[in-house]
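Heads up: the structure comes next, in structure tokens.
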Amino acid sequence: MSERTNGEAMIVAEDVEKWFAGFQALRGVSTTVRRGEVVVIVGPSGSGKSTFIRTINRLERHDKGRIVVDGIELTDDIRNIERIRSEIGIVFQSFNLFPHLRVVENLTLAPRNVRRWPRAKAEEKARQLLERVGIPEQARKYPSQLSGGQQQRVAIARALVMEPKIMLFDEPTSALDPEMIKEVLDVMKELATSGITMVVITHEIGFAKEVADRVLFFEEGRVVEEGPPGEFFSNPREERTKQFLSQILV
Amino acid sequence: MSRPPAVPRDLERAPMVGADERVVEVAPVAAPATTREWLRQNLFSSWPNGLLTIVTSAILLYLAFRLLRFVFVSADWSVLKANLRVYMTGRFPVEELWRVWAAVYLVTALAGISRGMLLRTRWTTTRVLSVAVPVVLLIGALLYLVDSARVWLLLGVAVAVLLVGTVVGRRLGPTRRAPLLVAWVLAFPAVILTLRAFGGVKPELWGGFLLNVIVATVAIFASFPLGLILALGRRSRLPAVSAFSVGVIEVVRGVPLVAWLFFGQFVLPLLLPAGLAVPNIVRAMIMFTIFSAAYVAEIVRGGLQGVPEGQYEAARALGLRPARMMALVILPQALRSTIPAMISHFISLFKDTSLLAALGLFSELLRTARRASASIEFIGLQAEALLPAALIFWVVAFSMSRWSQRVEVRVGVGER
């Protein structure tokens, strides 16, 4: 999949730092994600991987360094933030669906209110996406009536409805019962082959081996090691990486 | 793409039983066969229980007997009969009462249409009884209290308007909710105009239950948006805005409502521009509104705290701007969870309109009732004069509570 790694830069992070009340979560993260690339981030909890992807669409403000998304630098300027958010979809560990809205309304909310699409157009788009994630028959239900796996697939569809160029996944399968992980990973694999740029935090090694172009290992707010998945998982260079992999690959 | 096999919904949602878990079977609880059995199981299961049952029923029967004897034998309801109009409208001039009737018809028509449009009542035995018993009691009371054929006719028209409204509402169907909401919003100014406009009745002369209802309605509908603004202001990132909101809320809550009402009468005029003469009833409404807004703000704040951070993040990540995020994602969830507390607050606000009596300026229901019992011809009839006023408050408060329960079920509080 090396042709994917030579495209133009979609996300550029240079020396990104982030503090939370006396605690430094990111200690100078630099990486470049190219168009169409699928990057998987692994690392122990508290290593800053989640904070890092949340800085990319400004759910967290970075305190130092530079983040450029598709040529737009992420600054305090609200117009830049809005433009960048419109290019990025994010999927959370805890789904964060809107519980008071039906599935279809969860999907049409943003296109109708941000893009000003007419209802029919938004609903048609929602229908297509629910088809794509395999649950068109659930459109009229409320999120609480769905299983965890179905909810996460709705969340993926909701993130896709704004037609983003980049999808961020923050541990999308860690809150799921084991029998539901596969249905979500299948959707993500299909996405990965569609050519969208993806940054995925996950400990699903099978998924990483199959679709990732590159794996980043985070520890203590730094990228400790990175490489193509084959090399990264079978022959890690750093001692710390070996130790971590031996823990998750039991 | 793999799709989960079609499974019936109840099976899909049933908890899975692990292979090593033992399934414990529970014998079905048999319903008691006879009334005798039921009594034995529930009221006389042991000696102390039996004794308790006998003593409590004796007390209850005695109280019921005394109450019924009072209502039907010893009470002299002449005070109520002579003052019924005053209870309802206070000093409202008799020749202008058609305005009140017109307002009542307007509201009943809207209520009927709303019922027809929104409520699908299934007439179970319990529900039939819960409507029939109060209606029979009310008709019984009115038969005694109302002699005038004209009033009977006017009441009959009100019932007819309600029923016709229901039929019309059912025809319209549940789809036209937006116009209905607009109609309700416009209804209030329409009522005020009906009472006031074209040589109508000055607010100083509004009284009785009419006044309680108008003041409570104004305070409820004005304090809701104001409280919402205060609640959002309190969470603002701008220190000036949040400090101002906190200040208003704490100062307003920290002083008794009666004191604020006096403030409205005696201090507020000094603060207003000299040429501006605000009628004292309007000043009272302003104070009720501000007082209520502080409580609404705190109730809404509680609701806002119940909305998880992830909801804000999801909304922001989708590109919703703050105002839309609040209006479409956060507030619908926050407000839904506040319905019980909010209705509870509004019920107590409604009852607090009786504090207008303390000002000695307004003839609201409670003051009207006390004055009725104070007149020479009805001396000694305090109970007969005051109980009906209490009953009227209770009926409205109880209806609000029942109504809020139906709203809760409709919007699914605690379910989604």
Side-chain angles (χ1 to χ4, degrees), chain A residues 54 57-59 78 81-102 105-106 109-115 131-137 141-147 149-150 153 155 158-159 161-162 164 168 170 177 179-180 182-183 186-187 189-190, chain B residues 1-19 21 175 178 237-238 303-304 306-339 407-416:
Chain A
R54 288 157 58 86
N57 72 344
R58 215 7 118 93
L59 290 179
I78 186 70
I81 295 175
E82 282 182 355
R83 279 170 69 198
I84 287 176
R85 281 184 180 158
S86 76
E87 304 213 343
I88 300 179
I90 184 164
V91 176
F92 302 91
Q93 180 177 356
S94 51
F95 325 141
N96 295 347
L97 293 176
F98 304 133
H100 61 300
L101 299 178
R102 293 174 194 276
E105 293 163 339
N106 263 276
L109 182 78
R112 291 188 63 194
N113 289 287
V114 179
R115 294 268 157 86
E131 191 85 44
R132 186 170 173 191
V133 301
I135 39 174
E137 72 285 359
K141 290 192 183 168
Y142 286 95
S144 61
Q145 295 170 304
L146 305 184
S147 71
Q150 291 172 331
R153 288 190 279 160
R158 184 181 67 177
V161 80
M162 297 295 274
L168 307 175
D170 189 355
D177 290 335
E179 74 272 20
M180 293 171 181
K182 183 176 176 295
E183 65 189 55
D186 284 345
V187 171
K189 284 176 194 166
E190 187 269 331
Chain B
M1 193 130 313
S2 75
R3 189 183 296 186
V7 179
R9 213 183 103 198
D10 49 342
L11 278 184
E12 194 178 33
R13 300 192 70 188
M16 305 240 302
V17 181
E21 270 180 85
T175 46
R237 265 176 300 169
L238 304 170
L304 285 171
V307 179
E309 187 58 31
Q311 294 290 313
Y312 291 84
E313 292 181 350
R316 249 183 274 145
L318 284 168
L320 289 176
R321 292 186 180 167
R324 277 178 189 276
M325 171 175 80
M326 272 293 161
L328 300 172
V329 175
I330 307 302
L331 283 177
Q333 296 181 55
L335 294 181
R336 183 171 308 215
S337 65
T338 62
I339 291 173
V407 174
E408 276 175 50
V409 171
R410 271 189 89 85
V411 303
V413 170
E415 282 171 38
R416 25 182 212 260

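Just so we're on the same page: letters track the sequence lines, and every chain starts at 1.
For A/F92, the part sitting under 4.5 Å from any heavy atom of chain B is the side chain, from C-beta outward, and nothing else. Only the side chain of A/R54 comes within contact range of chain B, judged by heavy atoms closer than 4.5 Å. For chain B, the nearby parts of A/N113 are the backbone and the side chain; heavy atoms of each come within less than 4.5 Å. With a 4.5 Å cut-off on non-hydrogen atoms, A/I90 touches chain B through its side chain but not through its backbone.
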Show your working on side-chain contact (heavy atoms from CB on, under 4.5 Å) between B/L328 and A/L101 and close with a plain yes or no.
CA-CA 10 Å; B/L328 300 172; A/L101 299 178; over 6 Å; no
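Atoms CZ and CZ, on B/R324 and A/R112 in that order, are 10.5 Å from each other to the nearest 0.5 Å. Once rounded to the nearest 0.5 Å, the distance linking CG of A/N57 with CD of B/E313 reads 9.0 Å.
Checked by atom type and distance alone, the side chain of B/Q311 pairs as donor or acceptor with a backbone atom of A/L97 at under 3.5 Å.
Side-chain atoms of A/R58 and B/R316, non-hydrogen and from C-beta on, never get closer than 4.5 Å to each other.
B/V329 and A/L109 get closest at one heavy-atom pair: CG2-CD2, 3.6 Å.
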